[in-house]
Amino acid sequence: MRRLRHWGPGLLLLSPSLILLAVFVYGLIAWTTKVSVSDEHNARGSKGFVGLDNYVNLFTNDINDRFLHSLKNLLIFTVVFMAGTMVMGLLWAFLLERGVRGEGFFRTIYLFPMAVSFVASGVVWRWLMNPGTGDNAGGLNAVFGAVHLEFLQNTWWTNPDWGMAAMAMPAIWQLSGYVMALFLAGFRGIPQELREAAAMDGASTYRLYRNVIFPQLTPVALSALIIVGHMSMKMFDLIMSVSGAQWLTEVPAVYVWQALLTSDYAKAAAISIILLLLVAVVIVPYLIWTNRTEKKA
């Protein structure tokens with residue numbers, strides 16, 4: 001009875017959120033898992049359980065290895081996106097941390113792209129990355145032509161070799177400011193006593209950042225990697241706004257959408273569950289490590 005009195009009010013207050021979470025998150029995950037192991041490949045519904053056949057077919061029996069191709073594109077996009085946002089975010093945070101006039105103005109400029117939707121920025125970047133050259137050049141290619149830097153003109157996302165790397169450019173532009181904010185908060189959270197102690201020991205500026213400040217930013221960097229990493233795996237609206245449903249830039253999220261358009265619900269569900277597992281592989285180890293670190297502290 002005492003435990004009920006102790007936990008009862010809290011559970012009562014949390015119950016609406018718990019119910020909604022159970023139904024619309026875990027309930028839908030369970031339903032998607034059920035569909036992924038069925039033979040519901042059209043609007044007529046499912047006739048029965050097929051086990052892991054839908055998953056096996058994605059890797060071994062998909063037309064033109066379409067799913068493997070989308071995974072390759074996702075890997076390229078994720079690597080370039082994560083590297084670009086981390087480098088640009090750290091660089092901007094470092095410059096602001098060193099002290100510049102009008103810091104608030106620059107913070108606003110760097111963070112502003114986050115306020116723009118992926119659809120809106122995708123439409124703009126579709127024009128900027130116009131693959132036309134010469135008289136048909138537009139966007140960045142037109143700028144390069146105007147300043148006599150024609151050698152920089154290229155086909156951007158339509159390039160079969162590195163089109164997905166170019167596709168990461170709009171995402172880097174849009175989220176580098178967010179990573180900058182994380183790193184800047186990390187810089188500002190380092191105790192001033194550490195800097196003063198290093199200076200009293202005769203540490204140069206390079207040694208100060210190399211041996212004192214940057215190691216303190218490891219948790220922030222890991223958090224930023226996890227956040228941008230899982231965001232890249234779910235990228236859909238930006239890619240669709242820039243290139244549309246193209247083979248060259250197809251990722252699993254776009255493949256899910258196209259499978260749904262053809263009423264292949266089982267395939268779409270199987271791809272969704274694989275994406276969920278990929279995100280879990282990224283996030284779960286981080287959550288375990290964070291939990292253990294907090295307990296030790």
**S243 side chain to Q246 backbone, donor-acceptor under 3.5 Å** = no

**Item:** Pair S38, Y265: side-chain N/O donor-acceptor within cut-off below 3.5 Å
**Value:** no

**Request:** Identify whether L287 and M233 are in the same connected component of the hydrophobic contact network (ILVMFWY, side-chain heavy atoms under 4.5 Å).
**Result:** yes

**Message:** Side-chain heavy atoms nearer than 4.5 Å, only ILVMFWY residues, links allowed to pass through others: does that put V281 and L68 together?
**Reply:** no

**Prompt:** In terms of hydrophobic clustering (I, L, V, M, F, W, Y; side-chain heavy atoms under 4.5 Å; direct or indirect links), are V212 and M200 co-clustered?
**Reply:** no

**Message:** side chain to side chain donor-acceptor pair (under 3.5 Å) for W156 and N130? Distances and angles first, verdict last.
**Reply:** CA-CA 7 Å; W156 302 105; N130 188 317; over 6 Å; no

**Request:** Supply the atom-to-atom distance I239 CD1 to S241 OG, rounded to the nearest 0.5 angstrom.
**Result:** 10.0 Å

**Prompt:** So does F236 have more than 12 non-hydrogen atoms from other groups sitting under 6.0 Å from CZ?
**Reply:** yes

**Request:** Determine whether more than 12 heavy atoms belonging to other residues, nucleotides or ligands lie under 6.0 Å from atom CH2 of W289.
**Result:** yes

**Message:** Quick check against the 3.5 Å criterion: does N61 have a side-chain atom that pairs as donor or acceptor with the backbone of V56?
**Reply:** no

**Message:** So, using side-chain contact (heavy atoms from CB on, under 4.5 Å) as the criterion, who are the partners of A269 when residues are at least two apart?
**Reply:** T32, V35, S36

**Message:** Taking side-chain contact (heavy atoms from CB on, under 4.5 Å) as the definition, give me every residue that meets it alongside N159, ordered by chain and number, with sequence neighbours left out.
**Reply:** T155, D161, W162

**Prompt:** According to the interplanar angle, ranging from 0 to 90°, do the rings of Y209 and F214 count as parallel (below 30°), tilted (30 to 60°) or perpendicular (above 60°)?
**Reply:** tilted

**Message:** Just by distance, no angles: are the side chains of W247 and N64 close enough, under 3.5 Å, to form a donor-acceptor pair?
**Reply:** no

**Item:** Electrostatic pair E250-R66, nearest N-O below 4.0 angstrom
**Value:** yes

**Asked** Are Y255 and N73 close enough that a side-chain donor and a side-chain acceptor fall under 3.5 Å?
**Response** no

**Prompt:** Between T262 (side chain) and A259 (backbone), is there a donor-acceptor pair under 3.5 Å?
**Reply:** yes

**Request:** State plainly whether one hydrophobic cluster holds both L275 and F59, where clusters connect Ile, Leu, Val, Met, Phe, Trp and Tyr through side-chain heavy atoms under 4.5 angstrom apart.
**Result:** yes

**Prompt:** So, does D237 use its side chain to make a donor-acceptor pair with the main chain of F118 at under 3.5 Å?
**Reply:** no

**Asked** So how far is it from L91 CG to F183 CZ, rounded to the nearest 0.5 Å?
**Response** 11.0 Å

**Request:** Answer with yes or no whether the side chains of S121 and Q174 bring together a donor and an acceptor at under 3.5 Å.
**Result:** yes

**Pairwise distance OH(Y286) to CG(L222) - rounded to 0.5 angstrom** = 6.0 Å

**Asked** Does L248 belong to the same Ile/Leu/Val/Met/Phe/Trp/Tyr cluster as V79, with side-chain heavy atoms less than 4.5 Å apart forming each link?
**Response** no

**Prompt:** Mind checking what makes side-chain hydrogen bond (donor to acceptor under 3.5 Å, both in side chains) contact with R107, not counting sequence neighbours?
**Reply:** E103

